[in-house]
Amino acid sequence: MSSEIDTKLEGLITSIYKLSGTEFNINSTQQLANILFDILELPQIKKRSTAENVLKQLQEHHELPKRILEYRKYNKLKNTYVDALPELINEKTGRIHTTFNQTIAATGRLSSTNPNFQNIPIRTDEAREIRKSFRAQKDGWKIFSADYSQVELRIMAHFSRDKGLIAAFQNGEDIHSRTASHVFNVPIDLVLPEMRRTAKVVNFGIMYGAGPFRMSQELGIPRKEAVAIIESYFEQYPGIQNYIDTTLEKARNKKYVETILGRRRPVWDADSDNGLRRKTAERMAINMPIQGSAAEMIKLAMIAIQKEMIKRGMKTKLILQIHDELLFEFPNDEEEILVKLVVDKMENAMELSVPIIVDHGIGETWYDAH
DNA sequence: GTCATCAGC
DNA sequence: CACGCTGATGACA
């Protein structure tokens, strides 16, 4: 992969220099901004930022931004993953050993360093190839992946006690389609893929406290339409509006918010006179109980799973946690019991007012299992 | 040491 | 200004 990417990069560098009329350090955002905004005089969308979505918008004006985006994609892939990971193989064990930090993330999630194994690419097909290099160490062993389905939305349903949202999960409905059906005022069977995509962005955006501005940027629509969509959303799920109001009230009164098991995050600025600080504090307050409770759920599941595997004298190893996903390597003769055990412990780690669903897969590599 | 960028959830 | 939580990389001061 490294040499294939090298070939692509060389071609891109040549074409970038030609389009720019000069050679420069493409990795320097300052030098790049010089070329884009001073020499080529392209419009400055967000000051002199050269961030991905700025370059995407500049694509219609010039060929250069497109090449820069390609260059960055391959450069990131090569430097951060393809070339870096093999260097970290431990000589004695033949494995790469990450470190999981338990006391870094303010929400109670784990974090992973040296290397970070929680940000291995998956979103684009090319980058996803990297996952083919992670496989079980022994012959006759495979990778098992199990991940929670929309666990944060389910936790929000539980917290908010929103009748519609809870009913939707209990009936096994497609939650993004259901949201789309209401927002776009069409029967659920007539929801188009594009509408579902929009609704998915809205469902996640709300959990992160996104406002009309961010929502309109994300969806590429006017702010007015984003306002209408958000209003329609809270009309459909009034319990969520109530959850947000109650949570913010708590943050203002008690100066903290907390997860389902009682992990607290201090929130000092929920009543700040400074609008920016207040808004930031509000978003943290809304998100932490949800993200943190999801983290607690998978931690309880991991403990229960490990305990059970020891009790049964299994050889399977739990090797990674990626926030809502667990990865195992297992010998073939443990497959049947492992799948049952893991799905059961994950789905029943906590008692909520909505069902918890776990998806899973098996394969020779991480790529094939997930 | 900080910032911008971009990889994941 | 403008979406929560992270970590790695490279540039720059």
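Below, read A as the first sequence line, B as the second, and so on, with proteins coming before strands; counting in each chain starts at 1.
Comparing C:dC5, C:dG7, C:dC1 by their nearest atom to the side chain of A:Asn119 picks out C:dG7. Taking only side-chain atoms of A:Ala106, from C-beta outward, the nucleotide of C:dT9, C:dC3, C:dC5 with the closest atom is C:dC5. Comparing B:dA4, C:dT9, B:dC9 by their nearest atom to the side chain of A:Ile122 picks out B:dC9. If you check C:dC5, C:dA8, B:dT5 against the side chain of A:Thr80, the one that comes closest is C:dA8. In the set C:dC5, B:dC9, C:dA11, the nucleotide with an atom closest to the side chain of A:His323 is B:dC9.
The nearest whole Å value for the distance from the NZ atom in A:Lys279 to the C1' atom in C:dC1 is 12 Å. Here the P atom of nucleotide B:dT5 and the CG atom of A:Asn79 are 17 Å apart, to the nearest Å. As a whole-Å value, the separation of A:Gln31 CD from B:dT5 P is 14 Å. C:dA8 atom P lies 17 Å from atom CG of A:Asp83, rounded to whole Å. Between the C1' atom of B:dC6 and the CG atom of A:Asn116 lies a distance of 12 Å, rounded to the nearest Å. Remark: P of C:dC3 and CD1 of A:Ile230 are 9 Å apart, rounded to the nearest angstrom. Atom-to-atom, CZ of A:Arg48 to P of C:dC12 comes out at 13 Å; the value is rounded to the nearest Å. Going from atom CE of A:Met284 over to atom C1' of C:dA2 covers 14 Å, rounded to whole Å.
Ring orientation note: the planes of A:Phe330 and A:Phe144 are nearly perpendicular, at an angle over 60° on the 30°/60° scale.
A donor-acceptor contact under 3.5 angstrom links the side-chain atoms of A:Arg109 to the base of B:dC9. In the interface, the side chain of A:Glu218 is paired with the base of C:dC3 through a donor and an acceptor atom under 3.5 Å apart.
With both ends at atom C1', the span from C:dC3 to B:dG1 equals 27 Å, rounded to whole Å.
With no hydrogens or angles considered, no side-chain donor-acceptor pair links A:Asp6 and A:Ser3 at under 3.5 Å. For A:His370 and A:Asp147, the side-chain atoms include no donor-acceptor pair closer than 3.5 Å.
Between A:Arg265 and the phosphate of C:dC5, there is a side-chain N or O to OP1/OP2 separation shorter than 4.0 Å.
A cation-pi geometry, defined here as NZ or CZ lying under 6.0 Å from the six-membered ring centre and within 45° of its normal, holds between A:Arg264 and A:Tyr256.
Comparing A:Leu276 and A:Ser28, the nucleotide of DNA chain C nearest to each residue sits closer to the 5' end for A:Leu276.
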